Amino acid sequence: MSLASYIGCNIEIPLSDKNSDDILIFGNSFSDEDHRIKVKSHHFTTAFIYEVSTDWGIEISKYNNQSLNAESKNKLFRLCEIMDEYLEQGDYFELYSCWIGDEADKREGELILQLNSFDVNNIRIPNKTLVRFIK
């Protein structure tokens with residue numbers, strides 16, 4: 001099974017080049033359209049949904065080893081950098097990670113963060129947690 005991360009936003013974001021070596025890719029790595037529709041209808045309040053990933057989703061959890069958490073933190077920083085370029089002040093995006101097939105499952109947590117004003121070392125984002133980042 002694969003852990004997929006999805007973002008929801010109210011603006012269109014261009015998909016990444018298939019040959020991109022960026023730490024974070026906007027495109028379909030693990031999910032199909034049905035998975036994204038389920039996340040949008042069960043968790044997001046936004047018009048657009050994208051899978052964001054490389055080889056694994058974003059999950060910062062006490063159950064992960066330090067290396068996996070560090071990789072997720074780097075992906076989260078990169079995601080925030082990218083979204084900061086697209087969002088206007090007051091806009092937001094939402095992040096949700098879950099195992100493929102669990103998109104319609106009940107959410108297990110919720111978190112609201114200011115886009116560039118949070119300490120990644122003091123947060124946990126386990127799978128099935130909805131995070132809203134407000135610019």
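For clarity, every value in this text was computed on a predicted model and none was experimentally measured. Residue numbers count from 1 along this sequence.
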Trainee: Taking H43's backbone N and O only, do any of them form a donor-acceptor pair with R107's side chain (distance below 3.5 Å, no angle check)?
Mentor: yes
Trainee: Return the orientation label for the Y96 and F44 ring planes: parallel under 30°, perpendicular over 60°, tilted otherwise.
Mentor: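 Rings of Y96 and F44: perpendicular, as their planes differ by over 60°.
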Trainee: Check whether any side-chain N or O of Y6 sits under 3.5 Å from a backbone N or O of I49 as a donor-acceptor pair, and report yes or no.
Mentor: no
Trainee: Would V52 end up clustered with I37 when hydrophobic side chains under 4.5 Å apart are linked, directly or stepwise?
Mentor: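 V52 does not cluster with I37.
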Trainee: I need the Y63 OH to N127 CG distance, nearest 0.5 Å.
Mentor: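 The OH atom of Y63 sits 11.0 Å away from the CG atom of N127.
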Trainee: Once rounded to the nearest 0.5 Å, what's the spacing between atom CD of E103 and atom NZ of K128?
Mentor: 10.0 Å
Trainee: What verdict does the side chain to side chain contact (heavy atoms under 4.5 Å, CB included) test give for T129 and R124, after you've listed the backbone C-alpha separation in whole Å, the side-chain angles of each residue and the deciding distance to 0.1 Å?
Mentor: CA-CA 9 Å; T129 299; R124 294 284 176 246; over 6 Å; no
Trainee: Please find the pair of heavy atoms, one from I58 and one from S5, that lie closest to each other, and give the distance.
Mentor: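 For I58 and S5, the tightest heavy-atom pair comes out as N-OG, 2.6 Å.
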Trainee: For F118 versus L76, what's the shortest heavy-atom pair and its separation?
Mentor: CE1-CD2, 4.0 Å
Trainee: For the pair R78 and E81, find out whether any cationic side-chain nitrogen is under 4.0 Å from an anionic carboxylate oxygen.
Mentor: yes
Trainee: Does the H42 side chain pair with the main chain of K38, one donor and one acceptor, at a distance under 3.5 Å?
Mentor: yes
Trainee: Rounded to the nearest 0.5 Å, how far apart are NZ of K75 and OG of S97?
Mentor: 9.5 Å
Trainee: Rounded to the nearest 0.5 Å, how far apart are CD1 of I82 and CG of D22?
Mentor: 5.0 Å
Trainee: Would you please indicate if the ring centroids of F93 and F133 are separated by under 6.0 Å?
Mentor: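 Yes: the rings meet the under 6.0 Å criterion.
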Trainee: Between the side chains of S72 and E59, is a donor N or O closer than 3.5 angstrom to an acceptor N or O?
Mentor: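 The criterion, which ignores hydrogens and geometry beyond distance, is not satisfied for E59 and S72.
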Trainee: Just checking D32: does its CG atom have more than 12 heavy atoms from other residues, nucleotides or ligands closer to it than 6.0 angstrom?
Mentor: yes
Trainee: Any donor-acceptor pair under 3.5 Å linking the side chain of S16 with the backbone of I25?
Mentor: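 Judged by distance alone, no pair lies under 3.5 Å.
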Trainee: Do F77 and L87 share a hydrophobic cluster (ILVMFWY, side-chain heavy atoms under 4.5 Å, transitive)?
Mentor: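 Shared cluster, yes.
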Trainee: I'd like to know if I11 and V39 are part of one continuous hydrophobic network [Ile/Leu/Val/Met/Phe/Trp/Tyr, side-chain heavy atoms within less than 4.5 Å].
Mentor: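 They do not share one cluster, since no chain of ILVMFWY contacts under 4.5 Å joins V39 to I11.
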Trainee: Among the clusters formed by ILVMFWY side chains lying less than 4.5 Å apart, do L15 and L79 turn up in the same one?
Mentor: yes
Trainee: Counting distance only, does the side-chain N/O of N69 pair as donor-acceptor with the main-chain N or O of S61 below 3.5 Å?
Mentor: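 Side chain of N69 to backbone of S61: a pair is present.
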Trainee: What are the two closest non-hydrogen atoms of N10 and T45, and how far apart are they?
Mentor: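 Smallest heavy-atom distance, with atoms named: OD1-O, 4.4 Å.
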Trainee: As an exercise, state the distance from NZ of K135 to CD of Q114, rounded to the nearest 0.5 Å.
Mentor: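 Going from the NZ atom of K135 to the CD atom of Q114 covers 12.0 Å.
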Trainee: Would you check if the side chain of D91 reaches a backbone N or O of E88 as a donor-acceptor pair within less than 3.5 Å?
Mentor: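 Yes; judged by distance alone, with no hydrogens or angles, the pair exists.
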Trainee: Please answer: with hydrophobic residues joined when any side-chain heavy atoms are less than 4.5 Å apart, are W56 and I60 in the same cluster?
Mentor: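 As far as the 4.5 Å side-chain criterion goes, I60 and W56 are not connected within one cluster.
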Trainee: Evaluate the side chain to side chain contact (heavy atoms under 4.5 Å, CB included) criterion for residues V131 and E94: first the C-alpha distance (whole Å), next the side-chain angles of each, then the deciding distance (0.1 Å), finally the verdict.
Mentor: CA-CA 6 Å; V131 184; E94 296 167 320; over 6 Å; no
Trainee: Would you say the side-chain atoms of E51 pair up with the backbone N or O of S31, donor to acceptor, closer than 3.5 Å?
Mentor: yes
Trainee: Using the rule given for side chain to side chain contact (heavy atoms under 4.5 Å, CB included), can you reason through R36 versus N28, listing the C-alpha separation, both sets of side-chain angles and the distance that settles it, and then say yes or no?
Mentor: CA-CA 10 Å; R36 293 184 297 280; N28 306 325; 3.1 Å; yes
Trainee: Mind checking whether L111 and L130 have side chains closer than 4.5 Å, heavy atoms only?
Mentor: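 Result no, sub-4.5 Å side-chain heavy-atom pair not found.
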Trainee: At their closest point, which heavy atom of C9 faces which heavy atom of I13, and how far apart are they?
Mentor: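 Looking at all heavy atoms of both residues, the closest pair is SG-CG1, 3.9 Å.
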Trainee: Between K40 (side chain only) and A47 (backbone N and O only), is there a donor and an acceptor less than 3.5 Å apart?
Mentor: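 Yes: the side chain of K40 pairs with the backbone of A47.
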Trainee: Report the distance from atom CG of L113 to atom CD1 of I134, rounding to the nearest 0.5 Å.
Mentor: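 Going from CG on L113 over to CD1 on I134, the span is 9.0 Å.
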